[in-house]
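Report on the following structure.
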Amino acid sequence: MPRPAVNVAARAARSAGNIILRYMNRIEGLAVVEKQRMDFASEVDRLAEAEIVKELRRAYPTHAIVGEESGQTGKGPLVWVIDPLDGTHNYLRGIPHFSVSIALLDKGEPVYGVVFDPLRDELFTASKGDGAYLNDRRIRVGRRDSLNGALLGTGYPYRVRNHLESQLGMTQALLREAEDIRRMGSAALDLAYVAAGRLDGYFEPGLQPWDMAAGALLVREAGGVYNDFAGREGLPESGNIIAGNHKVAAAMTEVITANATPRLLGTE
């Protein structure tokens, strides 16, 4: 049975998803701003986030909220992190791969998470200790026991490209063993795909908590693990995440550590 907090987050995600779908045929007329170099937000991002905040505030008025678009309101150990439209670049170009991501952190650890794909009506949910689900069906990470034949996902950060050479080295090294690597444009949804066994693993540098918290919890509750590029477990403060089942994540970490700069490893 889903916990009340997951039900609230799911309701908020679906409400945001309705807004996202409503504007899909009016993309050309949307107001779009460039927050940073190659980092865009549309009025749909802001409207969807406002709808999520309204739902969360109604249910949990004392919780802090951190939204990608609106920043932080409130303080305390319980913090909701929100990405109202993860995959804005895809959305603005009409590419059908984006999601809504909502997670509750308790002292920095994700304890409830929802990732919603409004186009496919796929709702991924997780509660700490209760497992991970897709539309109320239990999901598990894949069973692959090595990188041999693995299908991996990644992302290349829009805002900062100063790790690009190192990341390309990781990609090249991983492709010597893996079947292939996908770059689909929504970290939250890609992590949900790892939890569902659609991808065997995922890695990306420079994510924000709202990008990865819900997806990381899904992976863990689906029987997998997540860690930073140096193998340290937990939601990485650096934003440099590796996720997969235990064996694939360990194999990815070994390859990535060997090709990462000291800065990416957090050793300088």
Side-chain angles (χ1 to χ4, degrees), residues 2-3 6 9 81 83 86 99 101-106 108-117 122-155 170 174 177-184 186-205 207-257 260:
R3 301 290 184 95
V6 170
V81 290
D83 192 337
D86 188 46
S99 62
S101 178
I102 305 171
L104 179 64
L105 306 182
D106 184 355
E109 180 185 2
V111 290
Y112 300 109
V114 168
V115 175
F116 179 52
D117 178 347
E122 291 191 331
L123 181 70
F124 299 85
T125 60
S127 303
K128 182 180 178 182
D130 285 349
Y133 295 83
L134 167 55
N135 293 346
D136 299 321
R137 177 178 60 84
R138 186 74 179 262
I139 55 176
R140 300 286 296 178
V141 293
R143 297 180 178 180
R144 194 167 298 279
D145 60 8
S146 72
L147 284 174
N148 184 31
L151 182 62
L152 308 177
T154 192
M170 300 170 194
L174 288 166
E177 299 182 60
E179 175 188 313
D180 205 352
I181 295 178
R182 299 280 189 267
R183 193 273 187 261
M184 295 187 285
S186 171
L189 198 50
D190 291 346
L191 285 164
Y193 280 15
V194 173
R198 296 174 179 176
L199 291 172
D200 296 302
Y202 186 80
F203 71 102
E204 183 171 356
L207 293 178
Q208 298 293 334
W210 51 77
D211 297 316
M212 60 181 172
L217 179 62
L218 282 163
V219 170
R220 187 180 67 193
E221 290 301 318
V225 293
Y226 56 88
N227 51 254
D228 69 8
F229 283 8
R232 292 178 288 259
E233 294 184 3
L235 201 66
E237 292 185 10
S238 63
N240 307 331
I241 194 169
I242 297 169
N245 72 28
H246 288 258
K247 291 182 179 180
V248 171
M252 290 175 66
T253 301
E254 183 178 351
V255 172
I256 287 170
T257 299

To the nearest 0.5 Å, what is the distance between [atom1] ([X]) and [atom2] ([Y])?
| X | Y | atom1 | atom2 | result |
| --- | --- | --- | --- | --- |
| Asp190 | Met212 | CG | CE | 14.5 Å |
| Ile242 | Tyr202 | CD1 | OH | 12.0 Å |
| Phe116 | Phe124 | CZ | CZ | 10.5 Å |
| Phe229 | Thr253 | CZ | OG1 | 9.0 Å |
| Ile102 | Thr125 | CD1 | OG1 | 12.0 Å |
| Leu134 | Tyr193 | CG | OH | 9.5 Å |

task = Examine distances only and state if a side-chain atom of Ser127 and a backbone atom of Tyr112 form a donor-acceptor pair shorter than 3.5 Å.
result = no
ask   = Any donor-acceptor pair under 3.5 Å linking the side chain of Asp228 with the backbone of Asn240?
value =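 A pair under 3.5 Å: no.
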Smallest separation among heavy atoms of [X] and [Y], with atom names:
| X | Y | value |
| --- | --- | --- |
| Val114 | Ala9 | CG2-CB, 3.7 Å |
| Val194 | Gly201 | CG2-C, 3.8 Å |
| Val225 | Ala249 | CG2-CB, 3.6 Å |
| Pro110 | Leu235 | CD-CD2, 4.3 Å |
| Pro209 | Val81 | O-CG2, 4.1 Å |
| Ala214 | Gly113 | CB-CA, 4.0 Å |

Answer yes or no: is there a side-chain heavy-atom contact under 4.5 Å between [X] and [Y]?
| X | Y | value |
| --- | --- | --- |
| Asp86 | Leu189 | no |
| Leu147 | Glu254 | no |
| Met252 | Met170 | no |
| Leu104 | Val6 | no |
| Tyr226 | Leu191 | no |
| Asp200 | Glu179 | no |
| Glu122 | Ser99 | no |
| Arg182 | Leu151 | yes |

inquiry  = Set out, in order, the CA-CA distance, both residues' side-chain angles and the distance that settles side chain to side chain contact (heavy atoms under 4.5 Å, CB included) for Leu199 and Met184, then state yes or no.
reply    = CA-CA 11 Å; Leu199 291 172; Met184 295 187 285; 4.0 Å; yes
inquiry  = Is there a side chain to side chain contact (heavy atoms under 4.5 Å, CB included) between Ile256 and Leu174? Walk through the geometry before answering.
reply    = CA-CA 8 Å; Ile256 287 170; Leu174 288 166; 4.3 Å; yes
task = Let me see the working for Val255 and Glu177 under side chain to side chain contact (heavy atoms under 4.5 Å, CB included), right down to the final yes or no.
result = CA-CA 10 Å; Val255 172; Glu177 299 182 60; 4.2 Å; yes
request  = Would you indicate whether Arg232, at its atom CZ, is surrounded by more than 12 heavy atoms from other residues, nucleotides or ligands within a distance under 6.0 Å?
outcome  = yes
message = Under the criterion side chain to side chain contact (heavy atoms under 4.5 Å, CB included), I'd like the reasoning laid out for Lys128 against Glu109: C-alpha separation, chi angles, the key distance, then a yes or no.
response = CA-CA 10 Å; Lys128 182 180 178 182; Glu109 180 185 2; 3.2 Å; yes
